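Below: the structure, in structure tokens.
Everything quoted here is computed from the prediction, not taken from an experiment.
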Amino acid sequence: MDPLGHLIDTSRRDLHGPSADPRSQFAAGAIARLRRGFYVPTDVWCGLEADGRFRLTLAAHALANPGVVFCGETALFLHRVPTVKAPLTVDVATVTTSRLGVRPSTFDVRGESASAMQARERGSHQIRRHHHAAIESIPVGEFEAVPLADALAEVLATAKFARALTVADGVLRRQPDVPLLDRAAVADAIAALPHRSHRSRAERIARLARSGAESPGESVGRALMLLFGFPEPMLQAEHFDQLGFVGRTDYYWGDVEGNRAVTAPGKLEPVGEFDGWGKYFRTELTHGEDPREIIRREKKRENRLLGLNHPVLRLDWSDLKRPAQFRAKLIQMGLRPASSAAVADKRA
């Protein structure tokens, strides 16, 4: 489903047509208002994933504000850098110093139908205006955004640690052999940040980027490990037993030779796997395979890992949303946090 095809722009409608006036549909809860003059069918809004709803919100804002330039995590989203779910706010660059910060959401839906109540629960995104001394923009699809390196530097400097590390990992994956700080555009963008504390933080998180983190969930999990002071795991280590290749694991706490796990006889060395529901139920990831068969194959793989003295720690988004529970699960696997966290960040 192309979400932009469902956007209703009243400025482009024949106001004399029989269905031109959206007020009756809006009052009945059939359409939701994203902002003044822009609507979307309520059932369509409810049926979209978070990224689809976010893209619709961007489109409405861009159409209502010609020339707007998106920055920060919003720009990275448009540059197709994986983020933690959809960005939290619509990030807009401005050279003015007035009306900065978060503006209230303009989203509204009326009525008490099931879809209307569901739409209210899902809500929309607030607009956050960011001051930029100067704005350089490039076209990204149908939108204008700051260059990727500038957006990355801004997020590394100011975003929550887990969200910043996630986009750093995502950008590094595009060219895994070149560290972020060895890329001229990234280094220049960080150097241009106005505050020394921001430059220092951005450089620190850039050094922590790992291309082996293959999904936002894996990045967030590693961010929590670092914040709690757990030893940093090896990512995507390859495991072999007498039958041959067992598989790669998202996290591995043990010795390696190159990228291959080295099993120490009699020593338990845990591995970790992040299980997003998409690996079992999203067609583009399962390629039509029966989820039950995928689970059976995962179980066989897990048994082979256990045979190598690698107990398997299963993590999912519910664990990441409960950091205390996450920490307890790692300790239960025999991992111990350091006396102080590897990353101390009040904005974590």
>> Please evaluate residues L58 and L78 with respect to the criterion side-chain contact (heavy atoms from CB on, under 4.5 Å), reporting the C-alpha separation (whole Å), side-chain torsions for both, the decisive distance (0.1 Å), and the verdict.
In response: CA-CA 10 Å; L58 293 186; L78 293 175; 3.7 Å; yes
> Taking only residues two or more places apart in sequence or in another chain, which ones pass side-chain contact (heavy atoms from CB on, under 4.5 Å) with A209?
Replying inline: A168, D169, L172, L180
>> Just so I know, are the side chains of M225 and L335 near enough to count as touching, which here means a heavy-atom distance under 4.5 Å?
In response: no
>> Is it true that, when you exclude R174 itself, more than 12 heavy atoms of the residues, nucleotides or ligands shown sit nearer than 6.0 Å to its CZ?
In response: yes
> Is the closest basic N to carboxylate O distance between R120 and E112 below 4.0 Å?
Replying inline: yes
>> Quick one: does any side-chain atom of E144 pair with a main-chain N or O of V69 as donor and acceptor, under 3.5 Å?
In response: no
> Hey, are the side chains of W317 and V220 touching, using non-hydrogen atoms and a 4.5 Å cut-off?
Replying inline: yes
> If you measure from CG on D316 to CD on E273, what distance do you get to the nearest 0.5 Å?
Replying inline: 12.5 Å
> Do D150 and H132 come within less than 4.5 Å of each other through their side chains, counting heavy atoms only?
Replying inline: no
>> Assess the residue pair L148 and L76 against the criterion (side-chain contact (heavy atoms from CB on, under 4.5 Å)); give the C-alpha distance rounded to whole Å, side-chain angles, the decisive distance to 0.1 Å, and a yes or no.
In response: CA-CA 6 Å; L148 186 150; L76 292 176; 4.2 Å; yes
>> Nearest 0.5 Å, please: how far is CG in L208 from CZ in R210?
In response: 6.0 Å
> Which ILVMFWY residues are connected to L243, directly or by a chain of links, through side-chain heavy atoms under 4.5 Å apart?
Replying inline: none
>> For the CG atom of D275 and the OG atom of S318, what is their distance to the nearest 0.5 Å?
In response: 10.5 Å
>> Tell me whether the count of non-hydrogen atoms from other residues, nucleotides or ligands lying under 6.0 Å of CD in E142 goes above 12.
In response: yes
>> Using side-chain heavy atoms (C-beta onward) and a distance below 4.5 Å, is F38 in contact with H61?
In response: no
> Would you call R173-E214 a salt bridge at under 4.0 Å N-O?
Replying inline: no
> Are H310 and T263 close enough that some pair of their side-chain heavy atoms sits under 4.5 Å apart?
Replying inline: yes
> Quick one: does R199's side chain have a donor or acceptor within less than 3.5 Å of a partner on A192's backbone?
Replying inline: no
>> Test your reading of the model: is there a side-chain donor-acceptor pair from R103 to the backbone of L100, 3.5 Å cut-off?
In response: no
>> Checking the side chain of Y251 only, and the main-chain atoms of P270 only, is there a donor and an acceptor separated by less than 3.5 Å?
In response: no
> Should we say atom CD of E49 is surrounded by more than 12 heavy atoms from elsewhere, each under 6.0 Å from it?
Replying inline: no
> R122 side chain to C46 main-chain N or O, any donor-acceptor pair under 3.5 Å?
Replying inline: yes
> Taking the six-membered ring for Trp, are F228 and F230 parallel (under 30°), tilted (30 to 60°) or perpendicular (over 60°)?
Replying inline: perpendicular
>> Tell me if a side-chain donor or acceptor on R110 pairs with a main-chain N or O of F26 at a distance below 3.5 Å.
In response: no
>> Rounded to the nearest 0.5 Å, what separates atom CG in D241 from atom CZ in R304?
In response: 4.0 Å
> Quick one: does R336's side chain have a donor or acceptor within less than 3.5 Å of a partner on I331's backbone?
Replying inline: yes
> Any donor and acceptor pair, going by atom type alone, linking the side chain of W253 with main-chain N or O of P231 inside 3.5 Å?
Replying inline: yes
>> Atom CD of residue position E293 - does it have more than 12 heavy atoms of other residues, nucleotides or ligands inside 6.0 Å?
In response: yes
> Would you find more than 12 non-hydrogen atoms of other residues, nucleotides or ligands less than 6.0 Å from R80 atom CZ?
Replying inline: no
> So, the side chain of Y252 versus the backbone of D255: is there a donor-acceptor pair under 3.5 Å, distance only?
Replying inline: yes
> Are D250 and Q236 close enough that some pair of their side-chain heavy atoms sits under 4.5 Å apart?
Replying inline: yes
> Distance only, no hydrogens: is a donor on one side chain within 3.5 Å (strictly under) of an acceptor on the other, for D108 and T106?
Replying inline: no
> For F245, what are the other residues in its hydrophobic cluster, where any two members join if their side-chain heavy atoms are less than 4.5 angstrom apart?
Replying inline: F240
> Any sub-3.5 Å donor-acceptor pair from K329's side-chain atoms to R314's backbone N or O?
Replying inline: yes
>> What I'd like to find out is whether the side chain of T166 reaches to under 4.5 Å of the side chain of T83, using heavy atoms alone.
In response: no
> Any side-chain heavy atom of F143 sitting closer than 4.5 Å to one from V68?
Replying inline: no
>> Checking side-chain polar atoms at under 3.5 Å, does T96 have a donor or acceptor matched by the opposite partner on R129?
In response: yes
